[in-house]
Amino acid sequence: MAILYEVAALAPWDSEEVLARDLLARWSRIFSIRRIALCLTGEGSERVYTWGFETDPQQMVKPVDDGSGNVYTRSLGTPPGELGWVYLERANPIPPHQRTLLDLFVRRLEGILELKRAQAQLVGSERRYRELLETIADGVFETDAAANIKLANRAMGALLGVTNSLVNRNLLLEFTAGEATAEMRRALATVAETARTLPNHPWHFRRADGEVGYAEMSLAPVLSPRGIVTGYRGVVRDLSEHHRSRQERQAILDAIPDLVALLAPDFTVIWANQAESRETGLRLDEMAGRTCHEIHYGRAEPCPSCPVVHALRTGQPATHACTAPNGRVWELRAVPVLAGNRVRAVVRLSRDVTETRRIGERLLYMTAHDVLTGLYNRVYLEEELKRLDPQRQGPVAVVVTDLDGLRLVNETLGHQAGDDLLVKAARVLGKVFRASDMVARAGDDEFVAVLPYTGSATAELIRDRILAAIEEANATSGDGPPISLAVGTASTDEPGVETVADAFRRAEENMYKDKLTRSSSAHHAIVQTLLAALGQRDYIAEGHAVRLASIAGHLGRAAGISSADQANLRLLAQVHDIGKVGVPDQILFKPGKLTRREWAKMKRHCEIGYRIALSSPRLAPVAHMILQHHEWWNGEGYPQGLKGTQIHICARILAIADAYDAMTSDRPYRKAMSHEEALAELRRGAGTQFDPELVERFVALFADPEHPAGPW
């Protein structure tokens with residue numbers, strides 16, 4: 001029993017040498033051993049421990065059993081000798097029961113050596129495992145069931161900004177960003193309930209310095225031998241930079257006004273920018289998994305000529321324009337995302353080109369058309385004149401027309417009135433010509449029509465139709481100056497006219513001849529129209545022109561002017577304010593005081609009237625009087641600042657007569673003055689506004705007791 005206790009007392013050692021010396025001492029004492037040699041192997045070397053030998057232990061070779069029974073030898077380990085060998089020698093034979101006890105000692109020794117080797121291997125494995133963990137760039141950790149960290153590599157510490165140990169720090173409470181804590185709890189619960197790995201779980205973590213990062217975590221359970229989840233282990237990849245870059249790319253793409261979407265090969269939406277969301281009225285999660293043709297067009301199948309189909313089939317970018325159900329035009333561009341030779345996805349860019357198309361069409365229209373009238377312009381006309389060939393299109397006729405009096409209308413009534421006259425003339429021409437004829441505005445007041453398969457006889461008939469249409473338009477037109485067109489025609493079937501350019505030149509010559517014969521009457525008609533318009537104004541109504549002619553005539557005779565000037569004075573009384581047809585009604589009839597800008601427009605009526613009168617042979621003699629009828633005797637009038645006798649006497653007489661009639665007549669902004677008040681006002685203006693001598697002659701007209709209110 002004592003020997004068995006010795007065997008049991010043999011325990012793992014702190015060092016190999018301590019174990020060897022302990023064994024040698026026990027064996028020599030218990031078994032009366034004369035010489036002992038113990039060889040232990042491992043880690044690529046042999047260490048020999050001896051007792052009773054004089055030989056150097058490290059040079060000793062295993063002794064050979066001489067068969068005398070005095071020797072006990074064993075090879076240690078499996079296979080034999082793997083752990084070393086034992087040699088014991090007595091002076092006398094070793095009894096069998098002692099050999100059995102020695103076998104027990106050897107087996108116990110082998111057990112201890114096996115345990116130590118396993119421990120060494122475990123330590124080596126742990127070291128290699130730790131070294132392996134430290135070579136991994138991703139963070140690796142293991143926690144208990146409460147998420148307290150039990151193991152973490154340096155990469156995990158660097159990820160979380162912790163320089164010392166992470167052991168026993170809580171992954172959930174300390175290192176998960178506040179808004180992501182609930183999601184992390186759900187992830188841990190899912191792993192605990194399913195005992196399965198949760199791959200690629202997004203994790204918003206909080207570093208030790210408070211900065212929040214973004215990572216992707218693969219989370220796996222730690223299982224007990226009975227299959228119970230006792231903790232978690234995971235691998236964490238820091239995607240913070242990638243996440244920031246993705247956010248920046250997202251911001252850039254969201255700033256793009258074009259619609260951008262990433263589509264799977266089955267046309268379903270993987271991702272889209274904010275413009276796409278605004279256009280469709282759907283959030284990204286509402287678009288995800290639905291096809292683009294369903295979202296945008298309500299279709300079950302891809303649209304015809306869809307560029308995404310082409311990109312998926314060929315692996316090449318494609319562009320196509322299509323019209324949405326709401327009528328807007330979109331330019332679609334599909335760019336394939338390749339994985340090798342396979343199309344992994346398609347980026348689809350959609351740009352609303354409705355306005356661009358409209359502007360383009362408008363610009364294209366404007367390159368060939370006159371913006372005001374809608375007819376073709378001169379550029380298009382010249383190209384047509386080059387293109388047309390009388391040999392192929394039969395005789396080609398050219399009709400050239402010129403709008404009379406446009407300049408007069410522009411200068412008197414304003415350019416808007418002139419534009420209106422041009423449009424009216426263009427409409428008349430548009431009704432006369434055929435759809436196959438080309439009608440163009442060739443200049444400010446010139447229109448040209450080119451008529452294929454039209455001879456000179458037909459061209460003359462068309463000329464007559466133009467004149468008849470003008471007469472009808474003038475008869476039915478409610479207001480505005482009348483249309484007057486000088487018309488010239490020519491055709492390539494006429495002698496001496498071989499080309500369309502020849503026909504154009506001859507038609508233009510014929511138009512100028514016609515203009516010479518009708519220009520005077522055309523201007524007269526316009527002036528008559530202006531006078532008629534003037535007659536409809538309030539200041540002409542109620543006998544103003546008649547009274548003014550009578551008053552001015554009496555003063556003219558009193559002043560002794562010639563009969564010619566008396567005739568001019570009567571005409572001047574009728575037309576002196578003809579220029580006011582060019583003054584807007586809101587200024588002309590304003591009840592209050594005019595602004596500086598309004599007054600400047602009002603004063604222009606003298607110049608406008610002057611230009612109108614010059615254009616009419618009947619009114620030309622009084623044109624300069626119309627220009628001067630607001631000049632003052634002291635030179636402070638307008639528009640030329642004339643003074644004294646520089647002002648024509650008829651204009652001076654009219655100024656006095658007009659002022660008297662104005663003062664003794666009701667106006668929208670005041671009541672009429674009395675006769676005496678008006679004469680007093682004229683005397684106050686004598687020498688400044690009015691000719692003082694003429695004022696006295698005017699006052700003298702009222703001296704006759706029989707006509708105290710004047711001789712008229």
Side-chain angles (χ1 to χ4, degrees), residues 1-135 142 150-151 224-225:
M1 290 299 293
I3 296 175
L4 290 176
Y5 175 78
E6 292 281 354
V7 172
L10 190 63
W13 68 93
D14 292 331
S15 70
E16 181 183 280
E17 185 174 355
V18 171
L19 174 64
R21 296 303 177 196
D22 183 38
L23 273 173
L24 294 180
R26 289 175 189 268
W27 287 340
S28 64
R29 175 171 50 81
I30 295 172
F31 300 107
S32 302
I33 300 300
R34 187 175 63 180
R35 292 193 303 179
I36 305 172
L38 173 61
C39 176
L40 300 178
T41 62
E43 298 181 359
S45 65
E46 292 185 349
R47 283 86 55 200
V48 179
Y49 302 92
T50 62
W51 185 83
F53 285 98
E54 296 180 359
T55 308
D56 182 358
Q58 302 310 316
Q59 296 181 359
M60 186 173 183
V61 180
K62 179 181 178 182
V64 179
D65 185 357
D66 59 4
S68 63
N70 298 348
V71 174
Y72 175 89
T73 181
R74 286 285 186 276
S75 294
L76 303 178
T78 303
E82 181 185 30
L83 298 177
W85 48 265
V86 174
Y87 178 87
L88 294 91
E89 179 184 331
R90 278 179 39 150
N92 53 358
I94 302 173
H97 70 278
Q98 288 189 354
R99 288 184 178 274
T100 300
L101 292 174
L102 284 171
D103 287 341
L104 291 175
F105 265 107
V106 168
R107 282 197 291 273
R108 176 61 177 163
L109 174 61
E110 286 179 326
I112 292 173
L113 293 176
E114 290 286 355
L115 176 61
K116 285 296 186 181
R117 184 173 69 172
Q119 289 176 338
Q121 289 175 344
L122 179 59
V123 170
S125 295
E126 287 182 350
R127 184 179 65 254
R128 288 191 296 274
Y129 175 66
R130 171 62 68 176
E131 290 172 353
L132 179 62
L133 287 181
E134 299 305 342
T135 61
E142 185 173 304
K150 297 304 177 184
L151 172 69
S224 71

Could you tabulate the donor-acceptor pairs under 3.5 Å formed by side-chain atoms of residues 76-87, not counting sequence neighbours?
| from | atom 1 | to | atom 2 | distance (Å) |
| --- | --- | --- | --- | --- |
| Glu82 | OE1 | Arg117 | NH1 | 3.3 |
| Glu82 | OE2 | Arg117 | NH1 | 2.8 |
| Tyr87 | OH | Glu89 | OE1 | 2.9 |

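Scored by the side-chain hydrogen bond (donor to acceptor under 3.5 Å, both in side chains) test, Ser32 finds no partners at all (sequence neighbours excluded). Looking at residues two or more places apart in sequence or on another chain, you find no side-chain hydrogen bond (donor to acceptor under 3.5 Å, both in side chains) involving Asp65. Partners of Arg74 by salt bridge (Lys or Arg N to Asp or Glu O under 4.0 Å), not counting sequence neighbours, listed by chain and number: Asp103.
In terms of heavy atoms, Arg99 sits closest to Tyr72 at NH1-CD1, 3.8 Å. Taking both residues in full, the closest heavy atoms of Ile94 and Gln98 are given as CG2-CB, 3.8 Å, listed atom of the first, atom of the second, then distance. Pro95 approaches Pro93 most closely through the heavy-atom pair CD-O, 3.5 Å.
Rounding to the nearest 0.5 Å places CG of Asn92 at 9.5 Å from CZ of Arg34. Annotation: the span from Leu23 atom CG to Ile112 atom CD1 amounts to 7.0 Å, rounded to 0.5 Å. In this structure, the separation between CG on Leu109 and CG on Leu102 is 11.5 Å, given to the nearest 0.5 Å. Atom CH2 of residue Trp27 and atom CG of residue Leu101 lie 12.5 Å apart, to the nearest 0.5 angstrom.
The salt bridge (Lys or Arg N to Asp or Glu O under 4.0 Å) analysis of residues 46-56, with sequence neighbours excluded, yields the pairs Glu16-Arg47.
When the options Leu19, Ile36, Thr50 are evaluated for a side chain to side chain contact (heavy atoms under 4.5 Å, CB included) with Leu24, the one that passes is Ile36.
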